[in-house]
Participant: 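Next up is a structure, given as C-alpha coordinates.
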Amino acid sequence: MANRPRVPLRPAVAALPAYVPGARSGPGAAAFKLSSNENPYPPLPSVVAAIADAAADVNRYPDMYAAELVEATAAALGVSAEEIVVGNGSVAVLAHVLQAVVEPGDEVVYPWRSFEAYPIVAAVSGAVSVQVPLLDGAAAGRLDLPRMAAAITDRTRVVLVCTPNNPTGPAVHRDELDTFLAAVPSDVLVVLDEAYVEFVRDPHAPAGLDVYAKQPNVVLLRTFSKAYGLAGLRVGYAVARPRLAAGIRAVSTPFGVSHVAQRAAVASLAARDELLARVEHLVADRTRLVEGLRDQGWELPESHANFVWFDLGERTLQRAEEARAAGAIVRPFAGEGLRVSVGEPEATDLFLRVSATWR
Ligand SMILES: *Cc1c(COP(=O)(O)O)cnc(C)c1O
(Lines give C-alpha, C1' and ligand atoms only; values in the text may rest on other atoms or scores of the structure.)
Protein backbone atom coordinates (compact mmCIF):
# COMPACT_ATOMS: atom_id res chain seq x y z
CA MET A 1 0.00 0.00 0.00
CA ALA A 2 2.83 2.36 0.93
CA ASN A 3 4.09 3.52 -2.44
CA ARG A 4 0.98 3.49 -4.55
CA PRO A 5 0.51 6.71 -6.48
CA ARG A 6 -1.89 9.24 -5.05
CA VAL A 7 -4.66 10.95 -6.95
CA PRO A 8 -3.03 14.11 -8.30
CA LEU A 9 -4.70 17.47 -7.92
CA ARG A 10 -4.62 19.68 -11.02
CA PRO A 11 -1.49 21.83 -10.66
CA ALA A 12 -3.67 24.94 -11.05
CA VAL A 13 -5.77 23.79 -8.10
CA ALA A 14 -2.83 22.82 -5.90
CA ALA A 15 -1.39 26.32 -6.47
CA LEU A 16 -4.61 28.28 -5.76
CA PRO A 17 -4.37 31.19 -3.34
CA ALA A 18 -6.86 30.83 -0.49
CA TYR A 19 -9.85 33.17 -0.49
CA VAL A 20 -9.48 34.97 2.83
CA PRO A 21 -12.91 35.75 4.27
CA GLY A 22 -13.27 38.82 6.44
CA ALA A 23 -12.53 37.89 10.05
CA ARG A 24 -15.51 37.28 12.32
CA SER A 25 -15.73 38.45 15.90
CA GLY A 26 -14.81 35.87 18.54
CA PRO A 27 -17.26 34.55 21.11
CA GLY A 28 -18.32 37.20 23.59
CA ALA A 29 -16.29 39.95 21.95
CA ALA A 30 -18.36 43.02 21.11
CA ALA A 31 -16.98 44.13 17.77
CA PHE A 32 -18.11 45.80 14.59
CA LYS A 33 -17.47 43.57 11.59
CA LEU A 34 -16.05 45.91 8.96
CA SER A 35 -14.14 43.22 7.11
CA SER A 36 -16.47 41.88 4.39
CA ASN A 37 -18.22 44.92 2.88
CA GLU A 38 -21.52 43.63 4.19
CA ASN A 39 -24.61 45.74 4.61
CA PRO A 40 -24.90 46.43 8.36
CA TYR A 41 -28.70 46.69 8.20
CA PRO A 42 -30.72 43.53 8.87
CA PRO A 43 -33.19 42.38 6.20
CA LEU A 44 -36.47 44.30 5.93
CA PRO A 45 -39.53 42.69 7.59
CA SER A 46 -41.03 42.05 4.14
CA VAL A 47 -37.90 40.18 3.11
CA VAL A 48 -37.79 38.17 6.34
CA ALA A 49 -41.46 37.26 5.74
CA ALA A 50 -40.65 36.06 2.21
CA ILE A 51 -37.79 33.97 3.57
CA ALA A 52 -39.99 32.43 6.27
CA ASP A 53 -42.66 31.68 3.71
CA ALA A 54 -40.18 30.05 1.36
CA ALA A 55 -38.91 27.82 4.16
CA ALA A 56 -42.12 25.77 3.94
CA ASP A 57 -41.19 24.57 0.43
CA VAL A 58 -37.61 23.45 0.86
CA ASN A 59 -38.48 19.80 0.26
CA ARG A 60 -38.90 20.80 -3.41
CA TYR A 61 -36.17 21.77 -5.83
CA PRO A 62 -36.18 25.46 -6.67
CA ASP A 63 -37.25 26.76 -10.06
CA MET A 64 -34.13 25.86 -12.03
CA TYR A 65 -34.08 29.06 -14.07
CA ALA A 66 -35.44 31.31 -11.30
CA ALA A 67 -38.03 32.60 -13.77
CA GLU A 68 -39.74 35.04 -11.42
CA LEU A 69 -36.47 36.52 -10.17
CA VAL A 70 -35.10 36.75 -13.71
CA GLU A 71 -38.28 38.51 -14.89
CA ALA A 72 -38.25 40.93 -11.97
CA THR A 73 -34.53 41.69 -12.42
CA ALA A 74 -34.93 42.20 -16.17
CA ALA A 75 -37.88 44.52 -15.60
CA ALA A 76 -35.95 46.52 -13.00
CA LEU A 77 -33.05 47.00 -15.44
CA GLY A 78 -35.05 47.46 -18.64
CA VAL A 79 -33.54 44.44 -20.43
CA SER A 80 -35.14 41.17 -21.55
CA ALA A 81 -35.27 38.05 -19.39
CA GLU A 82 -33.07 36.28 -21.96
CA GLU A 83 -30.25 38.63 -20.99
CA ILE A 84 -30.20 37.76 -17.27
CA VAL A 85 -28.36 34.76 -15.79
CA VAL A 86 -28.60 34.29 -12.02
CA GLY A 87 -26.26 32.26 -9.87
CA ASN A 88 -25.15 31.39 -6.37
CA GLY A 89 -23.56 34.79 -5.75
CA SER A 90 -21.94 36.82 -8.51
CA VAL A 91 -18.64 35.07 -7.81
CA ALA A 92 -20.24 31.83 -9.03
CA VAL A 93 -21.69 33.68 -12.02
CA LEU A 94 -18.21 34.98 -12.86
CA ALA A 95 -16.82 31.44 -12.68
CA HIS A 96 -19.55 30.35 -15.10
CA VAL A 97 -18.80 33.26 -17.44
CA LEU A 98 -15.16 32.14 -17.60
CA GLN A 99 -16.10 28.49 -18.04
CA ALA A 100 -18.28 29.48 -20.97
CA VAL A 101 -15.54 31.29 -22.90
CA VAL A 102 -12.06 30.28 -21.66
CA GLU A 103 -10.03 27.36 -23.03
CA PRO A 104 -7.02 26.08 -21.04
CA GLY A 105 -4.07 28.42 -21.51
CA ASP A 106 -6.17 31.41 -22.57
CA GLU A 107 -5.41 34.66 -20.80
CA VAL A 108 -7.65 36.61 -18.45
CA VAL A 109 -6.51 40.19 -17.86
CA TYR A 110 -7.49 41.97 -14.67
CA PRO A 111 -6.27 44.76 -12.38
CA TRP A 112 -4.27 43.94 -9.26
CA ARG A 113 -4.78 44.55 -6.35
CA SER A 114 -8.43 43.83 -7.00
CA PHE A 115 -11.12 41.37 -5.94
CA GLU A 116 -9.40 38.35 -4.46
CA ALA A 117 -11.74 35.89 -6.17
CA TYR A 118 -10.30 36.80 -9.60
CA PRO A 119 -7.05 34.78 -9.45
CA ILE A 120 -9.00 31.82 -8.09
CA VAL A 121 -11.78 31.71 -10.68
CA ALA A 122 -9.27 32.41 -13.46
CA ALA A 123 -7.01 29.53 -12.41
CA VAL A 124 -9.91 27.11 -11.94
CA SER A 125 -11.16 27.89 -15.45
CA GLY A 126 -7.74 26.88 -16.77
CA ALA A 127 -6.81 30.43 -17.68
CA VAL A 128 -3.48 32.18 -17.27
CA SER A 129 -3.88 35.30 -15.09
CA VAL A 130 -2.43 38.52 -16.46
CA GLN A 131 -2.43 41.00 -13.58
CA VAL A 132 -2.06 44.69 -14.38
CA PRO A 133 -0.91 46.91 -11.48
CA LEU A 134 -3.12 49.74 -10.28
CA LEU A 135 -2.02 53.33 -10.82
CA ASP A 136 0.21 55.09 -8.31
CA GLY A 137 0.75 58.58 -7.00
CA ALA A 138 -2.15 61.01 -7.25
CA ALA A 139 -4.24 58.35 -9.03
CA ALA A 140 -3.38 55.63 -6.47
CA GLY A 141 -5.93 52.84 -6.32
CA ARG A 142 -7.37 53.54 -9.80
CA LEU A 143 -7.40 51.01 -12.62
CA ASP A 144 -4.74 51.53 -15.30
CA LEU A 145 -7.05 50.97 -18.27
CA PRO A 146 -4.49 51.92 -20.98
CA ARG A 147 -2.09 49.36 -19.58
CA MET A 148 -4.88 46.78 -19.34
CA ALA A 149 -5.69 47.36 -23.02
CA ALA A 150 -2.00 47.02 -23.87
CA ALA A 151 -1.86 43.71 -21.99
CA ILE A 152 -4.36 42.10 -24.39
CA THR A 153 -2.80 39.50 -26.69
CA ASP A 154 -4.08 36.92 -29.18
CA ARG A 155 -4.58 34.58 -26.21
CA THR A 156 -6.73 37.01 -24.20
CA ARG A 157 -10.35 35.92 -23.94
CA VAL A 158 -11.59 38.02 -21.03
CA VAL A 159 -10.78 41.32 -19.30
CA LEU A 160 -12.22 41.93 -15.84
CA VAL A 161 -12.97 45.56 -14.96
CA CYS A 162 -13.83 45.96 -11.29
CA THR A 163 -15.68 49.25 -10.80
CA PRO A 164 -15.59 50.49 -8.11
CA ASN A 165 -12.43 48.50 -7.51
CA ASN A 166 -12.43 46.24 -4.46
CA PRO A 167 -10.47 46.91 -2.23
CA THR A 168 -9.33 50.41 -3.24
CA GLY A 169 -12.67 52.10 -4.05
CA PRO A 170 -12.41 54.32 -7.17
CA ALA A 171 -14.86 53.88 -10.05
CA VAL A 172 -13.71 53.99 -13.67
CA HIS A 173 -14.63 57.10 -15.65
CA ARG A 174 -16.78 57.17 -18.78
CA ASP A 175 -14.13 58.66 -21.07
CA GLU A 176 -11.34 56.29 -20.03
CA LEU A 177 -13.68 53.31 -20.31
CA ASP A 178 -14.79 54.39 -23.82
CA THR A 179 -11.16 54.69 -24.92
CA PHE A 180 -10.42 51.31 -23.39
CA LEU A 181 -13.40 49.58 -25.00
CA ALA A 182 -12.49 51.02 -28.40
CA ALA A 183 -9.09 49.31 -28.05
CA VAL A 184 -10.48 45.90 -27.05
CA PRO A 185 -11.03 43.46 -29.94
CA SER A 186 -14.71 42.65 -30.45
CA ASP A 187 -14.13 38.95 -29.70
CA VAL A 188 -12.65 39.63 -26.25
CA LEU A 189 -15.20 39.64 -23.45
CA VAL A 190 -15.14 42.58 -21.03
CA VAL A 191 -16.74 41.86 -17.66
CA LEU A 192 -17.77 44.98 -15.77
CA ASP A 193 -17.97 43.83 -12.16
CA GLU A 194 -20.46 46.27 -10.65
CA ALA A 195 -20.90 44.68 -7.23
CA TYR A 196 -21.02 48.15 -5.64
CA VAL A 197 -22.83 50.05 -8.40
CA GLU A 198 -25.59 51.29 -6.07
CA PHE A 199 -22.98 53.12 -3.97
CA VAL A 200 -21.41 55.07 -6.85
CA ARG A 201 -21.86 58.87 -6.71
CA ASP A 202 -19.07 59.80 -9.11
CA PRO A 203 -20.51 62.06 -11.85
CA HIS A 204 -17.81 60.79 -14.24
CA ALA A 205 -18.76 57.13 -13.77
CA PRO A 206 -20.46 55.46 -16.74
CA ALA A 207 -23.91 53.90 -16.51
CA GLY A 208 -23.07 50.21 -16.90
CA LEU A 209 -26.33 49.48 -18.68
CA ASP A 210 -25.62 52.14 -21.33
CA VAL A 211 -22.15 50.68 -21.89
CA TYR A 212 -23.71 47.24 -22.16
CA ALA A 213 -26.33 48.45 -24.63
CA LYS A 214 -23.63 49.77 -26.98
CA GLN A 215 -21.06 46.98 -26.67
CA PRO A 216 -22.01 43.38 -27.52
CA ASN A 217 -18.80 42.08 -25.89
CA VAL A 218 -19.59 43.61 -22.48
CA VAL A 219 -21.16 41.59 -19.67
CA LEU A 220 -22.30 43.20 -16.41
CA LEU A 221 -21.96 41.40 -13.11
CA ARG A 222 -24.17 42.47 -10.22
CA THR A 223 -25.17 41.11 -6.84
CA PHE A 224 -27.82 41.17 -4.15
CA SER A 225 -25.07 40.77 -1.52
CA LYS A 226 -24.06 44.38 -0.89
CA ALA A 227 -26.66 47.14 -1.41
CA TYR A 228 -29.55 44.68 -1.11
CA GLY A 229 -28.14 43.09 2.03
CA LEU A 230 -28.54 39.43 1.05
CA ALA A 231 -24.90 38.33 1.36
CA GLY A 232 -25.91 35.31 3.43
CA LEU A 233 -28.27 33.96 0.77
CA ARG A 234 -25.90 34.05 -2.23
CA VAL A 235 -27.62 35.60 -5.25
CA GLY A 236 -25.94 37.44 -8.08
CA TYR A 237 -26.46 37.76 -11.81
CA ALA A 238 -24.93 38.59 -15.15
CA VAL A 239 -26.43 40.80 -17.85
CA ALA A 240 -25.30 39.48 -21.23
CA ARG A 241 -26.41 39.26 -24.85
CA PRO A 242 -28.80 36.29 -25.29
CA ARG A 243 -26.24 34.05 -27.05
CA LEU A 244 -23.63 34.61 -24.32
CA ALA A 245 -26.27 34.39 -21.60
CA ALA A 246 -27.35 31.00 -22.94
CA GLY A 247 -23.73 29.82 -22.82
CA ILE A 248 -23.32 31.01 -19.24
CA ARG A 249 -26.60 29.36 -18.26
CA ALA A 250 -25.50 26.11 -19.91
CA VAL A 251 -22.46 25.76 -17.63
CA SER A 252 -24.22 26.99 -14.47
CA THR A 253 -24.81 24.72 -11.51
CA PRO A 254 -28.31 23.25 -11.92
CA PHE A 255 -30.69 24.69 -9.30
CA GLY A 256 -27.82 26.94 -8.18
CA VAL A 257 -30.01 29.59 -6.50
CA SER A 258 -32.13 28.23 -3.66
CA HIS A 259 -35.85 28.82 -3.47
CA VAL A 260 -35.32 30.84 -0.28
CA ALA A 261 -32.76 33.06 -2.01
CA GLN A 262 -35.00 33.51 -5.06
CA ARG A 263 -37.96 34.58 -2.91
CA ALA A 264 -35.81 36.93 -0.84
CA ALA A 265 -34.33 38.56 -3.93
CA VAL A 266 -37.76 39.04 -5.51
CA ALA A 267 -39.02 40.58 -2.24
CA SER A 268 -35.94 42.83 -2.18
CA LEU A 269 -36.61 44.08 -5.69
CA ALA A 270 -40.18 44.82 -4.60
CA ALA A 271 -38.74 46.82 -1.68
CA ARG A 272 -36.08 48.46 -3.83
CA ASP A 273 -36.92 52.05 -2.84
CA GLU A 274 -36.70 51.23 0.84
CA LEU A 275 -33.40 49.40 0.36
CA LEU A 276 -31.92 52.16 -1.76
CA ALA A 277 -32.88 54.65 0.96
CA ARG A 278 -30.65 52.63 3.27
CA VAL A 279 -27.89 52.80 0.69
CA GLU A 280 -28.27 56.61 0.87
CA HIS A 281 -27.58 56.38 4.62
CA LEU A 282 -24.52 54.26 3.97
CA VAL A 283 -23.28 56.71 1.34
CA ALA A 284 -23.80 59.57 3.81
CA ASP A 285 -21.84 57.62 6.39
CA ARG A 286 -19.12 56.96 3.84
CA THR A 287 -18.89 60.71 3.30
CA ARG A 288 -18.74 61.28 7.06
CA LEU A 289 -16.00 58.66 7.38
CA VAL A 290 -13.99 60.05 4.47
CA GLU A 291 -14.31 63.65 5.68
CA GLY A 292 -13.34 62.62 9.19
CA LEU A 293 -10.28 60.86 7.82
CA ARG A 294 -9.38 63.82 5.62
CA ASP A 295 -9.61 66.09 8.67
CA GLN A 296 -7.15 63.76 10.38
CA GLY A 297 -4.78 64.29 7.45
CA TRP A 298 -5.26 61.04 5.52
CA GLU A 299 -5.03 61.02 1.75
CA LEU A 300 -7.05 58.05 0.53
CA PRO A 301 -8.29 56.86 -2.87
CA GLU A 302 -11.74 58.26 -3.66
CA SER A 303 -14.19 55.54 -2.64
CA HIS A 304 -17.44 54.97 -4.50
CA ALA A 305 -18.13 51.71 -2.70
CA ASN A 306 -19.06 50.81 0.88
CA PHE A 307 -15.47 50.70 2.08
CA VAL A 308 -12.30 52.78 2.25
CA TRP A 309 -8.69 51.75 1.60
CA PHE A 310 -5.59 52.64 3.59
CA ASP A 311 -2.22 52.03 1.98
CA LEU A 312 -0.32 51.15 5.16
CA GLY A 313 2.42 48.95 3.73
CA GLU A 314 4.38 47.09 6.39
CA ARG A 315 2.27 48.47 9.25
CA THR A 316 -0.94 46.88 7.91
CA LEU A 317 -1.18 43.83 10.19
CA GLN A 318 -0.28 45.83 13.28
CA ARG A 319 -2.95 48.43 12.50
CA ALA A 320 -5.56 45.73 11.88
CA GLU A 321 -4.74 44.24 15.26
CA GLU A 322 -5.04 47.65 16.93
CA ALA A 323 -8.44 48.19 15.29
CA ARG A 324 -9.57 44.74 16.45
CA ALA A 325 -8.44 45.44 20.00
CA ALA A 326 -10.52 48.63 19.91
CA GLY A 327 -13.58 46.74 18.67
CA ALA A 328 -13.47 47.07 14.87
CA ILE A 329 -12.64 44.07 12.71
CA VAL A 330 -11.14 45.28 9.44
CA ARG A 331 -9.63 43.44 6.46
CA PRO A 332 -5.83 43.57 6.22
CA PHE A 333 -3.94 42.73 3.03
CA ALA A 334 -0.54 41.95 4.55
CA GLY A 335 2.20 44.32 3.43
CA GLU A 336 -0.26 46.39 1.36
CA GLY A 337 -3.13 48.00 3.20
CA LEU A 338 -6.38 47.85 5.11
CA ARG A 339 -9.90 47.80 3.78
CA VAL A 340 -12.51 49.15 6.17
CA SER A 341 -16.21 48.68 5.37
CA VAL A 342 -18.79 51.36 6.09
CA GLY A 343 -20.90 49.84 8.86
CA GLU A 344 -23.21 51.17 11.54
CA PRO A 345 -22.84 54.90 12.38
CA GLU A 346 -21.38 53.82 15.75
CA ALA A 347 -18.79 51.76 13.89
CA THR A 348 -17.76 54.83 11.91
CA ASP A 349 -17.43 56.82 15.15
CA LEU A 350 -15.33 54.10 16.70
CA PHE A 351 -13.11 53.66 13.67
CA LEU A 352 -12.47 57.40 13.41
CA ARG A 353 -11.26 57.34 17.02
CA VAL A 354 -8.89 54.49 16.13
CA SER A 355 -7.55 56.08 12.93
CA ALA A 356 -6.87 59.33 14.83
CA THR A 357 -4.39 57.43 17.01
CA TRP A 358 -2.49 56.37 13.86
CA ARG A 359 -1.59 59.90 12.81
C1 LIG B 1 -18.59 41.35 -2.96
C2 LIG B 1 -18.16 41.30 -4.38
C3 LIG B 1 -18.86 40.52 -5.29
C4 LIG B 1 -20.12 39.83 -4.90
O5 LIG B 1 -19.98 38.56 -4.55
P6 LIG B 1 -21.26 37.66 -4.31
O7 LIG B 1 -20.73 36.33 -4.70
O8 LIG B 1 -22.35 38.11 -5.21
O9 LIG B 1 -21.60 37.80 -2.87
C10 LIG B 1 -18.46 40.52 -6.62
N11 LIG B 1 -17.43 41.28 -7.02
C12 LIG B 1 -16.76 42.06 -6.17
C13 LIG B 1 -15.68 42.93 -6.68
C14 LIG B 1 -17.10 42.09 -4.82
O15 LIG B 1 -16.41 42.84 -3.98
Side-chain angles (χ1 to χ4, degrees), residues 17 19-22 33-40 43 66 69 73 84-99 108-122 124 129 131 134 141-143 148 158-172 190-200 205 208 219-239 248 252-253 256-258 260-262 264-265 268-269 275 279 282 286 301 303-309 330-331 333 337-343:
Y19 187 112
V20 182
K33 184 167 181 269
L34 308 178
S35 52
S36 297
N37 300 341
E38 293 154 336
N39 195 315
L69 172 57
T73 304
I84 302 289
V85 189
V86 296
N88 189 229
S90 60
V91 173
V93 180
L94 174 60
H96 297 144
V97 169
L98 296 187
Q99 275 171 44
V108 175
V109 173
Y110 55 88
W112 199 252
R113 166 69 62 186
S114 188
F115 186 31
E116 64 182 326
Y118 294 162
I120 300 172
V121 292
V124 170
S129 277
Q131 301 184 336
L134 300 179
R142 302 193 66 85
L143 269 50
M148 287 172 66
V158 183
V159 184
L160 307 178
V161 175
C162 192
T163 180
N165 189 49
N166 176 7
T168 54
V172 299
V190 176
V191 176
L192 279 194
D193 185 343
E194 299 192 302
Y196 302 95
V197 65
E198 296 87 353
F199 297 94
V200 175
V219 166
L220 306 181
L221 213 55
R222 294 192 176 181
T223 180
F224 285 94
S225 295
K226 310 283 164 53
Y228 285 83
L230 296 183
L233 283 177
R234 318 302 305 120
V235 206
Y237 59 93
V239 187
I248 301 164
S252 292
T253 312
V257 182
S258 76
V260 177
Q262 291 184 30
S268 298
L269 284 173
L275 289 167
V279 169
L282 290 168
R286 174 182 75 201
S303 176
H304 287 280
N306 63 344
F307 52 80
V308 293
W309 170 255
V330 299
R331 172 71 169 89
F333 295 79
L338 278 189
R339 190 191 64 199
V340 181
S341 309
V342 178

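Just follow the structure's listing: the first ligand is 1, and inside any ligand the first atom is 1. Only a predicted model underlies this, so the values are computations on that prediction, with no experimental measurement involved.
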Participant: Spell out, as yes or no, whether a donor-acceptor pair under 3.5 Å connects the side chain of Arg113 to the backbone of Leu134.
Facilitator: no
Participant: Give the protein residues with at least one non-hydrogen atom closer than 4.0 Å to an atom of ligand 1, ordered by chain and number.
Facilitator: Gly89, Ser90, Val91, Phe115, Cys162, Asn166, Asp193, Ala195, Tyr196, Thr223, Ser225, Lys226, Arg234
Participant: What are the two closest non-hydrogen atoms of Pro170 and Arg142, and how far apart are they?
Facilitator: CB-NH1, 3.7 Å
Participant: Do the rings of Phe224 and Tyr237 sit parallel, tilted or perpendicular, given the 30° and 60° boundaries?
Facilitator: tilted
Participant: Would you say the side chains of Asn37 and Arg331 form a donor-acceptor pair under 3.5 Å?
Facilitator: no
Participant: Taking Gly236's backbone N and O only, do any of them form a donor-acceptor pair with Ser90's side chain (distance below 3.5 Å, no angle check)?
Facilitator: no
Participant: Of all the heavy-atom pairs spanning Pro119 and Tyr110, show the shortest one and how long it is.
Facilitator: CA-OH, 3.2 Å
